[in-house]
Asks: 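Got a structure for you, questions after.
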Amino acid sequence: MKAMKASICVAVTALALSLSVIVPSCAEQDEASRLTQESKQLYRAGKYAAALPLAQRLLAIREKEFGPDDAMVAMPLNDLGTIHYNLGQYAVSEPLYKRSLAIREKTLGPDNAEVASVLSNLGDLYRAEGRFAEAEPLLKRSIAIREKMAGPDDPDNVLALSNLAVLYANQGRYDLAEPLFKRGLAVLEKAHGPNDPEATVLMNNLADVYANRHRYADAERLLKRSIAVTEKAFGPDHPDIAQAQNNLAAVYGRQGRNADAERFFKRSVATFEKTFGPNHPDLADVLDNLAGLYKDNGRYADASALLKRSMAIRAKAGSPS
């Protein structure tokens, strides 16, 4: 089982920051304000494909009004990169993040909070692509900027903390990942209470660490809490629920609870397909996990079919297999 990505949390923050750069002054500015609000709402609800054309239109408006290298263009670039990232379109996302980062460093300096946000997003993109050596220094730099500006308990720093922890979990360095996840959860709970939907990604990832350390009861408790919080906030078809269902299935599989594992893997597949369609890289991860369960139970034909589908999805997305 893989540690789940923090992209959803990253995406929500990136889109929320866009609101601070709106300067309504004419019909075109009013349209930009509307596009920002609507894309943020769609993205927060996990409707990434619906948010995409709005974010593209917003970027076009900003580039037309201010030019391609103006500070006002940096946030729409970052937001569009985040949407492509969460749609599994990594090759499209990277140059958008890099453009945003270059503009922000030039206009705001190297130690600005908005620079830290893009560093965290780009670092997590590299992590998702398995480019760990490139990801780690970007994430650490993002954390250092935030801590220098607002101290170690700033809620805005939790995203980079979580992304760095996921990086460590992907490398099997659970002794480094666990305290970062716990620190992030503590900061969010102190700031927003115990039922903050933005904390559910950390719950999922900490549960993955617990599962890899054979603390299955702790993992199951966190995952069920994550599902309940997300469903209350966004309904039953949010991508975070699909991630949690996948993780819960994997926890059951590790304990030999094969019927429960199969049921939740299938739920995760159905939720992802309903939300993202049939060709998203995160869906490929779940298909791999379900194939592994079938293989362990001697269902080789079923496992082979799922693996072939997973490989086709990854090849289409250009993501690592």
Side-chain angles (χ1 to χ4, degrees), residues 3-20 40-41 43-46 78-79 82 85-86 113-114 116-121 123-124 127-128 138-170 174 176-211 215 218-235 238-245 247-248:
M4 292 295 100
K5 295 187 295 185
S7 57
I8 298 168
C9 254
V10 170
V12 169
T13 297
L15 291 171
L17 284 174
S18 296
L19 299 181
S20 67
K40 175 178 179 282
Q41 291 170 357
Y43 203 94
R44 188 172 174 82
N78 178 74
D79 290 353
T82 303
Y85 167 78
N86 281 276
E114 294 186 17
S117 295
V118 189
L119 287 169
S120 178
N121 289 350
D124 194 58
R127 177 209 59 80
L138 296 182
L139 295 171
K140 286 183 173 180
R141 182 183 162 199
S142 176
I143 293 168
I145 292 171
R146 293 281 192 187
E147 289 183 342
K148 181 179 179 181
M149 294 181 61
D153 296 327
D154 178 14
D156 289 337
N157 201 24
V158 169
L159 301 176
L161 283 172
S162 177
N163 290 346
L164 181 60
V166 172
L167 171 65
Y168 290 146
N170 287 168
Y174 302 116
L176 298 179
E178 183 174 345
L180 291 176
F181 285 135
K182 286 182 174 178
R183 176 180 160 192
L185 273 175
V187 170
L188 288 182
E189 287 181 359
K190 182 179 179 180
H192 305 303
N195 296 315
D196 178 15
E198 292 187 22
T200 57
V201 172
L202 279 81
M203 295 178 199
N204 274 273
N205 291 336
L206 180 57
D208 181 76
V209 170
Y210 286 154
R215 295 171 56 181
D218 290 331
E220 183 176 358
R221 171 182 54 81
L222 271 178
L223 291 168
K224 287 182 174 179
R225 179 183 163 197
S226 169
I227 291 171
V229 170
T230 306
E231 186 166 353
K232 183 178 180 180
F234 303 119
H238 195 280
D240 283 7
I241 291 178
Q243 299 281 20
Q245 289 167 335
N247 287 0
L248 186 57

Asks: Nearest 0.5 Å please: distance from the CZ atom of Phe181 over to the OH atom of Tyr210.
Replies: 11.0 Å
Asks: Quick one: list whatever passes side chain to side chain donor-acceptor pair (under 3.5 Å) with Lys182, sequence neighbours left out.
Replies: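 Result, side chain to side chain donor-acceptor pair (under 3.5 Å) vs Lys182: Glu178.
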Asks: For a 4.5 angstrom cut-off between non-hydrogen side-chain atoms, does Met149 reach Asp154?
Replies: no
Asks: In Å, rounded to the nearest 0.5 Å, how long is the span from CZ of Arg183 to CG of Asp153?
Replies: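 Those atoms lie 7.0 Å apart.
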Asks: List the atom of Ala207, the atom of Leu223, and the distance in Å for their closest heavy-atom pair.
Replies: CB-CG, 3.6 Å
Asks: Measure from the side-chain N and O atoms of Asp208 to the backbone N and O of Asn204, and report whether any donor-acceptor pair falls under 3.5 Å.
Replies: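 Side chain of Asp208 to backbone of Asn204, a donor-acceptor pair under 3.5 Å: no, none is there.
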Asks: Which atom names give the shortest non-hydrogen contact between Ile241 and Gly235, and what distance separates them?
Replies: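 Of all heavy-atom pairs spanning Ile241 and Gly235, the closest is CD1-O, 3.2 Å.
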Asks: Would you say the side-chain atoms of Ser226 pair up with the backbone N or O of Leu222, donor to acceptor, closer than 3.5 Å?
Replies: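 Not a single qualifying donor-acceptor pair exists.
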Asks: Check for a donor-acceptor pair, side chain of Asp124 on one end and backbone N or O of Ser120 on the other, with a separation under 3.5 Å.
Replies: no
Asks: Please report the C-alpha distance between Tyr43 and Asp79 in whole Å, then the side-chain angles of each, then the deciding distance to 0.1 Å, and finally whether the side-chain hydrogen bond (donor to acceptor under 3.5 Å, both in side chains) criterion is met.
Replies: CA-CA 10 Å; Tyr43 203 94; Asp79 290 353; over 6 Å; no
Asks: Taking Ser162 for the side chain and Val158 for the main chain, is one N or O donor matched with an acceptor at less than 3.5 Å?
Replies: no
Asks: Got a second to check how far Leu185's CG is from Thr200's OG1, nearest 0.5 Å?
Replies: 9.5 Å
Asks: Could you list the residues that satisfy side chain to side chain contact (heavy atoms under 4.5 Å, CB included) with Leu138, not counting sequence neighbours?
Replies: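 Leu138 satisfies side chain to side chain contact (heavy atoms under 4.5 Å, CB included) with Leu119, Leu122, Tyr126 once adjacent residues are dropped.
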Asks: Hey, mind stepping through Lys140 and Leu167 against side chain to side chain contact (heavy atoms under 4.5 Å, CB included) and telling me if it holds?
Replies: CA-CA 11 Å; Lys140 286 183 173 180; Leu167 171 65; over 6 Å; no
Asks: If the condition is side chain to side chain donor-acceptor pair (under 3.5 Å), which residues does Ser142 pass it with, not counting sequence neighbours?
Replies: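 For Ser142 there are no side chain to side chain donor-acceptor pair (under 3.5 Å) partners, ignoring immediate neighbours.
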Asks: When rounded to the nearest 0.5 angstrom, what distance separates CG in Leu206 from CG in Asn247?
Replies: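 Those atoms lie 11.0 Å apart.
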Asks: Among Val201, Leu202, Val209, find the residue that satisfies the side-chain contact (heavy atoms from CB on, under 4.5 Å) test when tested with Asn205.
Replies: Val201
Asks: Using side chain to side chain donor-acceptor pair (under 3.5 Å) as the criterion, list what pairs up with Asp218, not counting sequence neighbours.
Replies: Arg215
Asks: Any pair with a residue in residues 225-235 that passes salt bridge (Lys or Arg N to Asp or Glu O under 4.0 Å), sequence neighbours left out, goes on the list, sorted by first then second residue, please.
Replies: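 Pairs touching residues 225-235 that pass the test: Glu189-Arg225.
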Asks: Please examine the side chains of Pro155 and Val187, heavy atoms only from C-beta on, and report whether any two atoms are closer than 4.5 Å.
Replies: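 Side-chain contact under 4.5 Å: yes.
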Asks: Which residues pass the ring-ring contact (aromatic ring centres under 6.0 Å, His included) test with Phe234, not counting sequence neighbours?
Replies: His238
Asks: Evaluate side chain to side chain contact (heavy atoms under 4.5 Å, CB included) for Glu220 paired with Leu248, printing each intermediate quantity in order.
Replies: CA-CA 6 Å; Glu220 183 176 358; Leu248 186 57; 3.8 Å; yes
Asks: Rounded to the nearest 0.5 Å, how far does CZ of Arg127 lie from CG of Asn170?
Replies: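 Separation between the atoms: 5.0 Å.
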Asks: Can you name the nearest heavy-atom pair linking Ala165 to Ala177, along with the distance?
Replies: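 Looking at all heavy atoms of both residues, the closest pair is O-CB, 3.3 Å.
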Asks: Identify, with sequence neighbours excluded, every residue that meets side chain to side chain contact (heavy atoms under 4.5 Å, CB included) alongside Pro179.
Replies: none
Asks: Once side chain to side chain contact (heavy atoms under 4.5 Å, CB included) is applied, do any residues pair with Lys190, and if so which ones, sequence neighbours excluded?
Replies: none
Asks: Using a strict 4.0 Å threshold on nitrogen-to-oxygen distance, state whether Glu198 and Arg44 make a salt bridge.
Replies: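 Looking at Arg44 together with Glu198, the answer is yes, because their closest N to O distance falls below 4.0 Å.
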Asks: Restricting to non-hydrogen atoms, name the atom on Ala160 and the atom on Ile143 that form the minimum distance, rounded to 0.1 Å.
Replies: CB-CG1, 3.6 Å
